[in-house]
Amino acid sequence: MRLDRASHGNAIVNAAKQRFWNAITALYHRHYGIGQEPAVQPEPEAPDAPTVPAAHYLIGEAGFPNYGDELIAREWVKYLAQIDPETPVVLDCMCSGPAAAYLYGLHPRVMSVDTVAQLAQNNYLDLLHETGKSEGGVPVALLAERLHAQLADAGQAPRYAAGIQLFANHIKDCHVIGGGYMHSEWSAGLSRLAAAQWAQQQDIPAVVSGVGLEPLTAGDAAYVHDVALAVTAFSCRDRQSVTAVDPKHDLVDIAPDDCFVNALNGVYRDDTADLPDTMLCIQSDLIDDKQAVLRHVMDVFDHWHVPQGAPIGVVECIPRDSIDTMEALRAHGYEPVLFPLQHLIDFGFPARPGQRWLSTRYHPHLLAAARGCSGSYIVVKPGYYDVKHQAVLRMGSRWTQTAIGQPIPEPGAGFADPEVRYQYRDRIRAQVAPIYGEPPAPTR
């Protein structure tokens, strides 16, 4: 009797197990389409898409960080916050994470991406690989062709599909903001102009403002000329760039630096009582012999009769760029006072009338001279920085150039008319009016 009951119980368990595995097998076959015709999945009904506001799309080089690029991006975002705070602003740059932090709080709806910047750089690296080169120039027209194809078909760059869709479908305008990050020695940066050209071809108005393009090869200049023909407005901040792109001077405007878009209001430090009388900005990048430059700096300060033990303000535009400068000043008997980049962002640029400045960099020269400071500049990369400093002279600086091995001049005066910054503001805003609308009534 017990045996019969045990056999009956085992049969029930085995039957249950069989039903279970039969169900599992059926699910498996159904999932992988075994033994049946594959089901055609119907197209899902498109849900009601939420309204996505079209954005102002800026292309720049903030976030590296380098003070001049941060300054220009921040000034444009501040302007858009003033005139159009409800429209989102997207800044496209290589280092979008740090850029987001630098822009935080300047506009209620600002964000940063790296779509165009990364596509341009990756295209450059791919073309180097395809041509068997490890470095060197790539014609910008080839890079532009690839970027156009990717913007038209996100499947060609699927890692950046979301960013491409944003650019292609959700922007109301495209604005390549000023700076010196686009030239033939970095054709990846120069090829970002292709995004503005493509946007304009899709009836999205595009402008390019206040760019410095030198050095520029003849082939690249011809391509940039095509971009200038295509977009709504195009301006450069130096005469050499204008002449290279537009020899007849009837297409490209020469403009002030983009940093003047808000007339430099809020750019300078408010509390200037403790600022040193002598200020210095000497870079480490794009320089062949830093020690030779530093020896020349000491010769200049001796010629200017800067007393031993005097405080020397050291402005640092790229983090950790001034370590050897600080050491050289201490060794020469001075007391260096560091103004790091984050200090410039948080508290303002440390210039006041009555100071003397010595700088290799462009924006410190421009901002100090516009504040009325006297000074001299040093050219460290001919063909690049001489063009930049000449642009500052055209904008109003009267600083003198000092060169290694040459007689040392006295510092030259700053802007004769600091109020010209308001004229520069109005000119810059007028150029971008086709995309941003007529600017607010001028104020001082």
Side-chain angles (χ1 to χ4, degrees), residues 56 58-62 67-85 87 89 91 102-103 106-107 110 173 175-180 205-212 231-239 241-242 252-270 344-345 348-353 362-373 388-398 414-444:
H56 297 304
L58 309 180
I59 294 176
E61 188 54 8
Y67 177 66
D69 293 318
E70 312 311 321
L71 173 67
I72 288 172
R74 286 169 60 86
E75 291 306 300
W76 276 115
V77 170
K78 285 160 58 178
Y79 178 59
L80 291 174
Q82 175 189 350
I83 65 168
D84 195 8
T87 298
V89 176
L91 173 65
Y102 283 117
L103 299 176
L106 297 181
H107 189 289
V110 65
D173 45 61
H175 180 185
V176 180
I177 62 177
V207 299
V208 179
S209 67
V211 292
V231 298
T232 300
F234 196 115
S235 69
C236 298
R237 67 187 184 187
D238 62 84
R239 293 190 185 280
S241 294
V242 172
V252 175
D253 294 327
I254 189 164
D257 189 88
D258 271 10
C259 72
F260 284 100
V261 66
N262 300 310
L264 303 181
N265 290 332
V267 167
Y268 296 102
R269 178 170 164 160
D270 291 329
L344 309 183
I345 298 293
F349 191 78
R352 60 164 170 78
Y362 164 78
H363 274 104
H365 176 184
L366 178 58
L367 294 181
R371 192 67 164 170
C373 305
K388 288 171 172 271
H389 288 295
Q390 288 167 20
V392 183
L393 299 180
R394 179 187 58 79
M395 292 179 219
S397 173
R398 293 170 290 171
F415 279 32
D417 180 15
E419 299 297 291
V420 73
R421 62 196 175 107
Y422 296 107
Q423 298 176 30
Y424 291 166
R425 174 200 62 189
D426 296 343
R427 285 173 55 188
I428 293 167
R429 292 180 177 187
Q431 187 207 347
V432 298
I435 60 172
Y436 298 142
E438 290 301 316
T443 59
R444 293 257 175 142

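Please read these numbers as outputs of a predicted model, since none were measured by experiment.
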Is the closest side-chain heavy-atom distance between Cys259 and Val267 below 4.5 Å? no
So, for Ala263 and Tyr422, which heavy atoms are closest and what is the spacing to 0.1 Å? CB-CD2, 3.7 Å
Output the distance between atom OH (Tyr424) and atom CG (Asp426), rounded to the nearest 0.5 Å. 12.5 Å
His56 NE2 to Ile435 CD1 distance, which is reported to the nearest 0.5 Å: 7.5 Å
I'd like to know whether His175 forms a ring-ring contact (aromatic ring centres under 6.0 Å, His included) with Tyr436, so could you lay out the CA-CA distance, the side-chain angles of the two residues, the decisive distance to 0.1 Å, and finally the verdict. CA-CA 10 Å; His175 180 185; Tyr436 298 142; 5.7 Å; yes
Side chain to side chain contact (heavy atoms under 4.5 Å, CB included) assessment of Val420 paired with Met395: CA-CA 9 Å; Val420 73; Met395 292 179 219; over 6 Å; no
Nearest-0.5 Å distance that lies between atom CG in Leu366 and atom CZ in Phe349: 9.0 Å
Identified side chain to side chain contact (heavy atoms under 4.5 Å, CB included) counterpart of His107 within the set Leu80, Thr87, Leu91, Asp84: Leu80
When you compare the side chain of Ile72 with that of Asp257, does any pair of heavy atoms fall below 4.5 Å? yes
Flag the pair Ile83 / Pro439 as yes when at least one side-chain heavy-atom distance between them is below 4.5 Å, and no otherwise. no
With rounding to the nearest 0.5 Å, note down the distance linking CD in Gln423 to CZ in Arg421. 12.0 Å
Whether Arg371 engages the ring of Tyr268 as a cation-pi pair (distance to the six-membered ring centre under 6.0 angstrom, angle to the ring normal within 45°) should be assessed. yes
Heavy-atom distance under 4.5 Å between the side chains of Ser241 and Val211, does that happen here? no
Nearest atoms (heavy-atom pairs only) where Ala73 meets Ala62: CB-CB, 3.8 Å
Here's one to test your reading of the geometry: is the NZ or CZ of Arg237 within 45 degrees of the ring axis of Tyr362 and under 6.0 Å from its centre? yes
To the nearest 0.5 angstrom, please state how far the CG atom of Leu344 sits from the CZ atom of Arg269. 10.0 Å
Val252 and Ser235: which non-hydrogen atoms are nearest, and at how many Å? CG1-CA, 4.1 Å
Shortest non-hydrogen contact from Ala368 toward Ala351: CA-CB, 4.1 Å
Do Asn262 and Arg429 pair up side chain to side chain, a donor and an acceptor below 3.5 Å, judged on atom types alone? yes
Measuring only between side-chain heavy atoms, which start at C-beta, is Arg394 closer than 4.5 Å to Ile254? yes
Taking all heavy atoms of Ile177 and all of Gly60, pick out the closest pair and write down the distance. CG1-CA, 3.7 Å
Leu71 side chain reached by Leu367 side chain, heavy atoms, under 4.5 Å: yes
Derivation of the side-chain hydrogen bond (donor to acceptor under 3.5 Å, both in side chains) call for Ser209 and Gln431: CA-CA 8 Å; Ser209 67; Gln431 187 207 347; 4.9 Å; no
Does any non-hydrogen side-chain atom of Tyr102 lie less than 4.5 Å from one of Asp69? no
Quick one: pull up CZ in Arg74 and CG in Leu106 and give me the separation to the nearest 0.5 Å. 4.5 Å
Derivation and outcome, side chain to side chain contact (heavy atoms under 4.5 Å, CB included), residues Tyr79 and Ile428: CA-CA 11 Å; Tyr79 178 59; Ile428 293 167; over 6 Å; no
For Asn265 against Lys78, the heavy-atom pair lying closest together: O-NZ, 3.7 Å
Between His389 and His365, is there a side-chain donor-acceptor contact under 3.5 Å, judged purely by atom types and distance? yes
